[in-house]
Visitor: 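Handing you a structure now.
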Amino acid sequence: IWLTGYVESDDGIHWPKPDLGLVEQKRWPGNNLLALPGCVMSVVRPLPGAGFKFLALTIVTPDAPLYHFESHGYGSYLFGSDDGIRWTQLTRNPMVQHGDWACLHVDPVRKRYLLYYKMGVNHGITSRRAMLVLESADAIHWEGYHGYRQWHEAFVTDDYDDLIAA
């Protein structure tokens with residue numbers, strides 16, 4: 001289970017943990033935990049006009065605490081916030097339902113969002129790691145992913161990559 005905490009610093013050295021009172025649980029009463037489900041992969045400042053000051057990308061697993069959010073299966077979800085503390089769910093269904101690592105990037109020159117996503121794929125009879133790159137104008141609707149085995153691969157490892165990774 002992943003838990004996400006909030007800290008602030010005035011000097012970059014000392015990081016006090018405010019008692020936010022957002023997540024009730026017995027192990028850490030009086031805590032700085034944020035009510036974001038799953039593992040937070042990225043927090044970025046969105047393009048102008050997005051309606052929020054921050055966007056967070058999370059990967060939700062079956063055992064993740066959902067707090068007050070909805071989950072319609074394993075995968076990545078997008079959240080928006082104006083203060084980095086209270087979050088609003090922006091995607092009802094997972095944007096991508098495969099993989100275990102992702103990174104949301106904002107390209108201000110092209111005015112696009114890029115979602116880098118690592119997943120396992122099969123090429124022939126060999127299982128390989130692959131990287132997908134999806135694009136979006138609004139961070140909600142993505143180009144390049146249409147479900148299981150229906151995506152555009154940007155990078156797939158080969159035998160040499162497997163040898164040096166071992």
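From a predicted model like this one, the values you see are computed outputs, not experimental measurements.
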Visitor: OG1 of Thr4 to CG of Asn32: how many Å apart, nearest 0.5 Å?
Guide: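 Interatomic distance, Thr4 OG1 to Asn32 CG, rounded to 0.5 Å: 10.0 Å.
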Visitor: Is there side-chain contact between Leu78 and Leu104, with heavy atoms separated by less than 4.5 Å?
Guide: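 In contact.
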Visitor: If the condition is ring-ring contact (aromatic ring centres under 6.0 Å, His included), which residues does Tyr116 pass it with, not counting sequence neighbours?
Guide: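 With neighbours one apart ignored, the set is empty.
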Visitor: Using the salt bridge (Lys or Arg N to Asp or Glu O under 4.0 Å) criterion, which residues pair with Asp82? Sequence neighbours excluded.
Guide: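 So Asp82 forms no salt bridge (Lys or Arg N to Asp or Glu O under 4.0 Å) with any residue.
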Visitor: When you look at Leu134 and Tyr117, which way does the side chain to side chain contact (heavy atoms under 4.5 Å, CB included) test go after all the steps?
Guide: CA-CA 8 Å; Leu134 312 179; Tyr117 220 92; 5.5 Å; no
Visitor: Would you please indicate yes or no on a ring centroid separation below 6.0 angstrom for Phe79 and Phe69?
Guide: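 Here the rings of Phe79 and Phe69 have centres that are less than 6.0 Å from each other.
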Visitor: Which residues pass the side chain to side chain donor-acceptor pair (under 3.5 Å) test with Ser136, not counting sequence neighbours?
Guide: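 Side chain to side chain donor-acceptor pair (under 3.5 Å) list for Ser136, sorted by chain: Asp138.
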Visitor: Using the ring-ring contact (aromatic ring centres under 6.0 Å, His included) criterion, which residues pair with Tyr113? Sequence neighbours excluded.
Guide: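 Residues passing ring-ring contact (aromatic ring centres under 6.0 Å, His included) with Tyr113: none at all.
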Visitor: Can you name the residues that form a side chain to side chain donor-acceptor pair (under 3.5 Å) with Tyr74, not counting sequence neighbours?
Guide: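 With neighbours one apart ignored, the set is empty.
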Visitor: Hey, could you give me each pair passing side chain to side chain donor-acceptor pair (under 3.5 Å) that has a residue in residues 87-96? Not counting sequence neighbours.
Guide: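 Output for this query lists His72-Arg92.
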Visitor: Which distance, rounded to the nearest 0.5 Å, do you find between the CG of Leu34 and the CG of Leu20?
Guide: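 Separation between the atoms: 6.0 Å.
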Visitor: Under the rule for side chain to side chain donor-acceptor pair (under 3.5 Å), what residues qualify as partners of His105, not counting sequence neighbours?
Guide: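 Testing His105 for side chain to side chain donor-acceptor pair (under 3.5 Å), a comparison that skips the adjacent residues, returns none.
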Visitor: Considering only Ile, Leu, Val, Met, Phe, Trp and Tyr, and joining two whenever side-chain heavy atoms are under 4.5 Å apart, list the other residues clustered with Trp15.
Guide: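 Trp15 clusters with Val7.
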Visitor: Using the salt bridge (charged side-chain N to carboxylate O under 4.0 Å, His left out) rule, collect all pairs that involve residues 8-18, keeping only residues at least two apart or in two chains.
Guide: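 The answer is none; no pair qualifies.
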Visitor: Which residue pairs pass the salt bridge (charged side-chain N to carboxylate O under 4.0 Å, His left out) test when at least one of the two sits in residues 105-115, sequence neighbours left out?
Guide: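 Applying salt bridge (charged side-chain N to carboxylate O under 4.0 Å, His left out) to every pair that reaches into residues 105-115, excluding sequence neighbours, yields Asp107-Arg110, Arg110-Glu135, Arg112-Glu135, Arg112-Glu143.
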Visitor: Might you point out which heavy atoms bring Pro94 and Gly75 nearest each other, and give the distance in Å?
Guide: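 So the two residues come closest at CB-CA, 3.9 Å.
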Visitor: For residues Ala139 and Met95, report the shortest heavy-atom separation together with the two atoms involved.
Guide: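 So the minimum-distance heavy-atom pair works out to O-SD, 3.8 Å.
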Visitor: For Ser81, which residues count as a side chain to side chain donor-acceptor pair (under 3.5 Å) partner, sequence neighbours excluded?
Guide: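 Residues passing side chain to side chain donor-acceptor pair (under 3.5 Å) with Ser81: Asp83.
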Visitor: When rounded to the nearest 0.5 angstrom, what distance separates CD1 in Ile85 from OH in Tyr6?
Guide: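 Output value for this atom pair is 4.5 Å.
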Visitor: Give every donor-acceptor pair under 3.5 Å between a side-chain atom in residues 46-61 and any protein atom, sequence neighbours left out.
Guide:
residue	atom	partner	partner atom	Å
Thr58	OG1	Pro37	O	3.3
Thr61	OG1	Asp63	OD1	2.5

Visitor: Can you see which heavy atom on Ser42 is nearest to which on Cys103, and at what distance?
Guide: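 Answer, listing the atom of Ser42 first, then Cys103: OG-CA, 3.4 Å.
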